[in-house]
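Written out below as structure tokens is the structure these notes cover.
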Amino acid sequence: MGPSTSIARTDAILPMTDEYMQQIVRGQKNYEFRRYLIQPSVQRVWFYLTAPLSHLAYICEINRARTRKEGDDPLIEDGLGNREFNQHHPDWNHYDFAYRVRSVYRLRRPVTLQELKSRYGMKGAPRSLVYVPGKLMDDIAWGDQERIL
């Protein structure tokens, strides 16, 4: 099998603060909430921890988006933010998409912003969703990382 590419768009990078990432790592937060729909082809999210850390550090397998439109089943209220999502809490305005986190892997060696730019062609730190460059997927097999959840 040849080198992978991001054409399949199975893997995406999202920025995240370390504080929120640690809630996922500890299993306290079991959904990632976003204002936008992540394409259904995306199976994994690679989390880029924002400054001061500024590196890719975790990969999470996710389910397809859940929404809170009328008639949708509510989320089970077993994690941080789930109740607020269900109840349309004002602080959650426009966070209409919930992605169940199925697993969490910690990269054995984080990928720095400098490496993302010099080795993988990224122009800067991810500020919203970007797809994982094929070369990065070739270099880092997500299933070989440290599974922590």
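Scope of the values below: all heavy atoms of this structure, side chains included, with no hydrogens, waters or symmetry mates.
Heavy atoms only, all atoms of each residue included: Leu107 and Leu56 are closest at CD1-O, 3.4 Å. Of all the heavy atoms in Phe33 and Leu80, the pair that sits closest is CE1-O, 3.7 Å.
A distance of 6.5 Å separates CD in Glu61 from CZ in Arg147, rounded to the nearest 0.5 Å. To the nearest 0.5 angstrom, Met16 atom CE is 10.0 Å from Gln22 atom CD. Atom CG of Asn86 and atom CZ of Arg66 lie 8.0 Å apart (nearest 0.5 Å). If you take CG on Leu53 and OG1 on Thr17, they are separated by 10.0 Å, rounding to the nearest 0.5 Å. Here CG of Asp73 is found 10.0 Å from OG1 of Thr67. Values are rounded to the nearest 0.5 Å. Taken from CG in Asn30 to CG in Leu75, the straight-line distance is 8.5 Å, to the nearest 0.5 Å.
For Phe85 and Tyr31, the ring centers sit 6.0 Å or farther from each other.
In this structure, Ser41 contributes its side chain and Arg9 its backbone to a donor-acceptor pair below 3.5 Å. Not a single donor-acceptor pair under 3.5 Å links the side chain of Glu146 to the backbone N or O of Arg108. Although no hydrogens or angles enter the test, the distance criterion places no donor-acceptor pair under 3.5 Å between the side chain of Arg119 and the main chain of Leu136. When atom types are taken as modelled, the side chain of Arg68 and the backbone of Gln87 share no donor-acceptor pair closer than 3.5 angstrom. Between the side chain of Arg102 and the backbone N or O of Ile62, at least one donor-acceptor pair lies under 3.5 Å. A donor-acceptor contact shorter than 3.5 Å is absent between the side chain of His55 and the backbone of Ala57. Using modelled atom types, no side-chain atom of Gln28 and backbone atom of Ile24 make a donor-acceptor pair closer than 3.5 Å.
Arg34 forms no cation-pi arrangement with Tyr99, by the criterion of a distance under 6.0 Å to the ring centre and an angle within 45° of the ring axis.
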Step-by-step side chain to side chain contact (heavy atoms under 4.5 Å, CB included) determination, Val130 to Met122: CA-CA 10 Å; Val130 295; Met122 295 185 71; 3.8 Å; yes
Full working for side chain to side chain contact (heavy atoms under 4.5 Å, CB included) between Glu32 and Val45: CA-CA 10 Å; Glu32 175 56 18; Val45 172; over 6 Å; no
Side chain to side chain contact (heavy atoms under 4.5 Å, CB included) assessment of Val132 paired with Ile13: CA-CA 6 Å; Val132 176; Ile13 298 172; 3.6 Å; yes
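Hydrophobic clustering places Val104 together with Ile38 (ILVMFWY residues linked when any side-chain heavy atoms are closer than 4.5 Å, directly or through intermediates). Val42 and Tyr36 fall within a single hydrophobic cluster, where Ile, Leu, Val, Met, Phe, Trp and Tyr side chains are chained together by heavy-atom contacts under 4.5 Å.
Considering Phe47, Tyr58, Trp142 as possible partners of Tyr105, the one that fulfils the ring pair (Phe, Tyr, Trp, His ring centres under 6.0 Å) test is Trp142.
Within 6.0 Å of atom CZ in Arg26, more than 12 heavy atoms from other residues, nucleotides or ligands are found, so the atom counts as buried in its surroundings. Other residues, nucleotides and ligands contribute at most 12 non-hydrogen atoms within 6.0 Å of the CD1 atom of Ile76. Counting heavy-atom neighbours within 6.0 Å of Arg83 CZ, excluding the residue itself, gives a total of 12 or less. Heavy atoms of other residues, nucleotides or ligands lying less than 6.0 angstrom from OH of Tyr120 number more than 12.
Here Tyr48 pairs with nothing under the side chain to side chain donor-acceptor pair (under 3.5 Å) rule; sequence neighbours left out.
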